[in-house]
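Comments concern the structure below.
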Amino acid sequence: MSITVSLYVENHVLYVNLNGELDHHTSDQLRSRLNTVMGESQIKHIVFNLKHLDFMDSSGIGIILGRYNQLKSMNGTVMVIGMKPLVSKVFELSGLSKIIKVIEDDSQLESAIRGIA
Amino acid sequence: MNNEMHLQFPAKSINESFARLVIIGFIAPLDPNAQELNEIKTIVSEGVTNAIIHGYEDNEDGIIDVKAVLVGRRLRVTIQDFGKGIENIELAKQPLYTTKQEEERSGLGFMIMESFSDQFEVHSEVGVGTIVSFEKEFLPLDSSAQ
């Protein structure tokens, strides 16, 4: 299993869509993609769309936490949307839900974005 | 059903998903539920990742050894590396403790492995290597629990 990453930027928000499995191997790929975009554009917030993510281990937690640490110095935020129950279990265990906003689905995304913009 | 398997592969990160696929294939005859499958995949993924990052410190020549034994519906897995070993296991098990902060390791691997298994152990000797082992009992097939 691998990962497919699609990225787009709108109003300083980086949208990251992940499809596949996020482990140590694929998180290295994802990190370099994110670093490239964050070097090219001014990013204040990141929204990880995990609707199509089938698996995540602690490497995935590390990458989300890493972006949070990167953005928090400029009052930026990281949000996670559409986690499947199995992915959400690792997320909850990690305690990440205390600092990362979790959105159930697209209908709540718009107001969440408005809240941070 | 009783069965066993032994798998060896080099410490390349691409093999993390390979190890997950193998263990899933091994327990498939038990018809585990989605949660059990995910927990086993996660534990194996964490164990193999630890061996690659910490045991061998990304030296791809290292060999990782995975053994699994199935007795009835009880699975026992050992994941072994012959790398640098862990100096202080109790410290390494502390949630959020990591020696690889700069690589954005979350320090949660052992904690996740422990919570997803019924029994979890780490044996390590500096300069010799590390063995993590875990056991998990699968729910009976007629169980309606998810």
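So that the names make sense, note that chain A is the first sequence line, chain B the second, and so on, each numbered from 1.
Across all their heavy atoms, Met74(A) and Ile43(A) have their closest contact at CE-O, 3.5 Å.
No side-chain donor from either of His24(A) and Ser13(B) sits under 3.5 Å from a side-chain acceptor of the other.
With hydrogens and angles disregarded, a donor-acceptor distance shorter than 3.5 Å links the side chain of Ser111(A) to the backbone of Gln108(A). Side-chain atoms of Glu40(A) do not come within 3.5 Å of backbone N or O of Val37(A) as any donor-acceptor pair. A donor-acceptor pair under 3.5 Å links the side-chain atoms of His12(A) to the main chain of Gln42(A), judged by distance alone. In this structure a side-chain-to-backbone donor-acceptor pair under 3.5 Å is present from Thr26(A) to Glu21(A). Checking side-chain atoms of Asn11(A) against main-chain N and O of Val13(A) turns up no donor-acceptor pair under 3.5 Å.
The contact list for residues 65-101 of chain B toward chain A, using heavy atoms and a distance under 4.5 Å, is empty. Heavy-atom proximity under 4.5 angstrom to chain A picks out Ile112(B), Ser115(B), Phe116(B) from residues 112-134 of chain B. Scanning residues 44-53 of chain B against chain A with a 4.5 Å heavy-atom cutoff picks out Ser45(B), Glu46(B), Thr49(B), Ile52(B), Ile53(B), ordered by number.
Salt bridge status for Lys51(A) with Asp105(A): absent, with no side-chain N to carboxylate O gap under 4.0 Å. We find that Arg20(B) and Asp23(A) are joined by a salt bridge, their nearest charged nitrogen and carboxylate oxygen being less than 4.0 Å apart. Using a 4.0 Å cut-off between a side-chain N of Lys or Arg and a carboxylate O of Asp or Glu, Glu104(B) and Arg67(A) qualify as a salt bridge.
A search for ring pair (Phe, Tyr, Trp, His ring centres under 6.0 Å) contacts involving Phe91(A) returns nothing, not counting sequence neighbours.
Placement of Leu34(A) and Ile61(A) within a single hydrophobic cluster is found when ILVMFWY residues are connected by side-chain heavy-atom separations under 4.5 Å, directly or transitively.
Residue contact with chain A, scored on non-hydrogen atoms closer than 4.5 Å, involves the side chain of Glu39(B) exclusively.
Expressed to the nearest 0.5 Å, how far OG of Ser58(A) lies from CG of Leu22(A) amounts to 10.0 Å.
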